[in-house]
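Below: one structure, written as structure tokens.
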Amino acid sequence: MGAVSSRHPSGASLRDRLPAFPWDRLEPYKATAAAHADGIVDLSVGTPVDPVPALVRQALTDAADSPGYPTVWGTAALRDALTGWAADRLGAPDLAHTNVLPVVGSKELVAWLPTQLGLGAGDTVAYPRLAYPTYEVGARLAGAEPVVYDEPTELDPTGLKLLWLNSPSNPTGRVLTVDELRRTVAWAREHGVLVVSDECYLELGWEAEPVSVLHPDVCGGSYDGIVAVHSLSKRSNLAGYRSAFLLGDAAVLGELLQIRKHGGMMVAAPVQAATVAALGDTAHVAEQRDRYARRRAALRTAFEAAGFRIEHSEASLYLWATRDEPCWDTVRDLAERGILVAPGDFYGTAGERFVRIAFTATDERVAAAVRRLAA
């Protein structure tokens, strides 16, 4: 029996809509770095390396006997935890259960949101010029047109259905001010454009205090036309659990809930229980912030001493760095020292002279990178 075709009746495959997967291009440099006598220092991907908090693992274990199907909307306890956390941490009061929706990791949501919103040909999806590549992927999967911006309020609103914000930014670490957020929300509401704010790094501000699009100073106390995306991958070391959630416009989230019910997009019941535990504890968040702060300071000092200039980087898990040369030259030089970083052009052509440096490696690997940069 032959292989099943992935092509549409039109003859075009869904894969044909998508850009090449960028990380495949990094593999030769990863091999070079891995050949270093003291092993690779992988600073290319912002993946957590520290332990999952004990209370979260205990909650997962306690809920392991979960033979029945979970619900897409999550348990009442989970929804209570989401609304309570948003009030306490984001300053977003009066969220009801209809204003929250758990999702199976934020990348899944970003990739499939335009499709689930019913977008397609003739619609546009806008995102920052330097941005997480999955914003573009989501638009292309839906058959919509991806559009980049420098200033969102200068976009042509004709056909614009979805406007992505990302503060703190991946890859640059830039934080949008309250005034910038408020101005964008007002503009989008005027033109009937849905604002979705990716805030997955919000709890990792270093030289600025990130503010949610749901804060009353931004949204005026109304959640109409706005949705915030949050994740436990970074703040709680739960990337392996695939736990994220949406907060905001009840009408939008209600539509998504119905669609995701049909699609079976359910957060596993033990993960829901673990999420409740993670959101209810701040001690582990502070402990992890301290780890990242130490690693960030060590790497920033070492890279600057080695001739790099750091731009933005006031929040998130990355340093946005340049030596004023093509990014792949920088990647190659660092790989020869056993250090792997991400080339800036993964995030758009505006990043072609930058690299993104994650500070998610262990203390031992960070110390190794510092030694190699000083050699």
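Partners of H97 according to the ring-ring contact (aromatic ring centres under 6.0 Å, His included) rule, which considers only residues two or more places apart in sequence or in another chain, do not exist here. When the side-chain hydrogen bond (donor to acceptor under 3.5 Å, both in side chains) test is applied to Y201, the partners found at least two apart in sequence or on another chain are Y318. Scanning for ring-ring contact (aromatic ring centres under 6.0 Å, His included) contacts around W73 gives an empty result, with sequence neighbours left out.
L155 is listed as a side-chain neighbour of L160, based on a closest heavy-atom distance under 4.5 Å.
Under 4.0 Å is where a charged nitrogen must lie from a carboxylate oxygen, and between R323 and D333 at least one such pair does. Comment: E207 engages R296 in a salt bridge, judged by a side-chain N to carboxylate O separation of less than 4.0 angstrom. The pair R294-D290 does not meet the salt-bridge criterion, since no charged nitrogen lies less than 4.0 angstrom from a carboxylate oxygen. In this structure, D38 pairs ionically with R365, as a charged nitrogen and a carboxylate oxygen lie closer than 4.0 Å. Taking a cutoff of 4.0 Å between a charged side-chain nitrogen and a carboxylate oxygen, D50 and R295 qualify as a salt bridge. Ion pair R353/E325 not flagged as a salt bridge, since none of the NZ, NE, NH1 or NH2 atoms sits closer than 4.0 Å to an Asp/Glu carboxylate oxygen. Taking a cutoff of 4.0 Å between a charged side-chain nitrogen and a carboxylate oxygen, R129 and E151 do not qualify as a salt bridge. With respect to the salt-bridge test (charged N to carboxylate O, under 4.0 angstrom), the residues R182 and D217 do not qualify.
Within the 3.5 Å criterion, the main-chain N or O of G225 finds a donor-acceptor partner in the side chain of D249. The main-chain N or O of L18 is never found under 3.5 Å from a side-chain atom of D16 such that the two would form a donor-acceptor pair.
The shortest non-hydrogen separation linking R356 to N170 is NH1-OD1, 2.8 Å.
Ring geometry for Y127 against Y135 counts as tilted: the plane angle lies between 30° and 60°, on a 0 to 90° scale.
Remark: of the listed residues V218, L90, V229, V218 is the sole one forming a side chain to side chain contact (heavy atoms under 4.5 Å, CB included) with V213.
Atom CD of E336 has more than 12 heavy atoms from other residues, nucleotides or ligands within 6.0 Å.
Between the side chains of E145 and T124, no donor-acceptor pair of N or O atoms lies under 3.5 Å. Between T177 and D179, the side chains place no donor N or O within less than 3.5 Å of an acceptor N or O (distance only, hydrogens not considered).
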